[in-house]
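Okay, structure first, notes after.
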Amino acid sequence: MILRDCHSERLKNLFKAIRFIIKVGFDRHDTKVCFLICYLFFISISFSLFSQVQYPQNYFRSPIDTVIKLNGNFGELRSNHFHTGLDIATGNHEGMKVYAVADGYVSRIKVSPYVYGKSLQIRHSNGYISVYGHLRGFNDTIAKYVKAAQYANKSFEVELNPRAGEFPVKKGDLIAFSGNTGSSQGPHLHFEIRDTTTEIANNPLLFDFDVKDNERPVIYGLTIYPVDETGMVDGLTSSKKIKIIRAKGNYKIAETPIVNGNIGFGIEAYDSENNSNHHNGVYSIELLLDSNRHYFLKMDKIPFTESRYINSHIDYPEKLKSGKDIHRLFVEPNNRLGIYKDVVSRGIINFSDNKEHEIIIRAKDYFGNTSVLKFKVKGRVGDSKKGSLKKEFDGKGNAFFDCRKENKYQSQDFLIDLPANVLYGDLNFQYSVSDSLNNTFSGVHHVLKKNIPVHDYYDMSIKVKKDSKPIQDKLLIVNTSDGIRNVKDCIYDNNCVRCKVRVFGDFKIAVDTVPPVIKPFNIQNNKNLSLQKSIKILIDDNLSGIKTYSSTIDGNWILMEYEPKKKMLFYDFDGSVAPGKHIFSLEVTDERGNTTKYQAIFFR
Ligand SMILES: [Zn+2]
């Protein structure tokens, strides 16, 4: 096994230091000192080398048989998360054979209508786990095992953790077939390499998969941000987008922005590997201020617990407004992403002189192809506004929230309780309430703005306006723009509805007394299904969402797979239904406990 060290820059510096020592030793004509120092240095280098993270090279084979084309790479910016693997193209169709990338054993199999869909993990003896997601299905042996577990648990969703020895695999064994299950938006194979003990996702390219890239990343957007009340760009306190000009493969701008106070920079960039025309993510971004590194990020590892910090990393308001993904090259106080290295002053630059300063931004892909954006800004003394966040509650729904502490706000009919560290920075809490048209349960509660991101769930409680006893358990809080997205676990308690919420914006109490809708797709009462391979049923819910479903034939539970993207349930006739008359039944229940039942006689 070849080991590759990925800290070549540190090595380069060490060699520089050795050259310096040798020079000093010889300058002093003291060879003994020189050799002693050199010896000590070589020992420290060896120690340094072995203390680095080393990634096995040529250990893993490709999970597919054809050339790897990437529809997505590691660390690219996705909605509410960083992408933690490679999206391998499967020719726009499902059913491509998927192979074990090395010897090991199947250590986890998960079936879910969401996220990874049908997925499988293999544990290898070298300290890593390979993960295969959005699968259509598994090889025959695993498929049988999964189906048995689904029938035993009477559930489509299962998570199975086979022991070592149950499903051993050899490098190159067929394990599964590619698909489009879970939150996949088109057929592909999602592939990850995780650390076995920590389950932290590593950039698979570190393991030398057969991916090549000779093209440089493309930088296509520059934004300059006044970071706080002290910052100004060209005399204004709002951020400024600046047009980038491509010149000889590198980039510049046509103006010299005037900056003063605390300033941050942001860029938009993409990279495409060979064989791919997808706009995938860049591997590293570096910002130099007057030739000194001021900010650096590198996409080597991302723990799943850190992935949601993406909403602090990017320009979140811009993402909501225009869908643009801007890497902000400065870091908020509570952004704990580990991808940043050598960040000075959280990446924020204070301009307070009348001099010109050079900014260099380098975007690299994994293979070292580099694009450089170079420009000058002019500093300015003085006229920056001095201000700071209000630190006191003003009695009118405004309060200062310290992001490191728990923050609470309470009024007569509203309560919010944010645990410590769910905000990325300090802020002035703003709240108001207005009457809601056609809503007898509560007014509309305006909680900050929806473009302020929150890292995790917090408690929100809204008082119910009128006596609504008969339907207490049907009440829930909804976000007026997004419904129940980012709202969960609502309970009625002491005339209030209390829920876990993960966004800001406008909220009100709603009621869900409407049961789910069941629409038979290819079955009806007394139909002869002899020639059909499956039963398909459309299901939907108006508000709170589908919580459970269960279906039987002649009273025996049957496995119906759920595909939320198509709002469809499928049952595949597998030979267990004998010719003759049968009764099919389905029961679907939503989050608020409203149930719809469907029954049909069919013939086989
Ligand atoms: Zn993916």
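Quantities reported herein were computed from a predicted structural model and do not represent experimental measurements. In this chain, residues are counted from 1 in sequence order. Atoms within each ligand, like the ligands themselves, are counted from 1 in listed order.
Inclusion of H83 in the first shell of the Zn ion (ligand 1) is supported: an N, O or S atom falls under 2.8 Å.
When distances from the Zn ion (ligand 1) to the N, O or S atoms of H190 are compared, ND1 comes out shortest. Within D87, the N, O or S atom lying nearest to the Zn ion (ligand 1) carries the name OD1.
Classified by interplanar angle (parallel below 30°, tilted 30° to 60°, perpendicular above 60°), the ring pair H83/H190 is perpendicular. Relative orientation of the Y309 and H455 rings is parallel, given thresholds of 30° and 60° on the angle between their planes.
Ring to ring, F167 and Y145 are close: their centroids are under 6.0 angstrom apart. Between Y128 and Y59, the distance from one ring center to the other does not fall under 6.0 angstrom.
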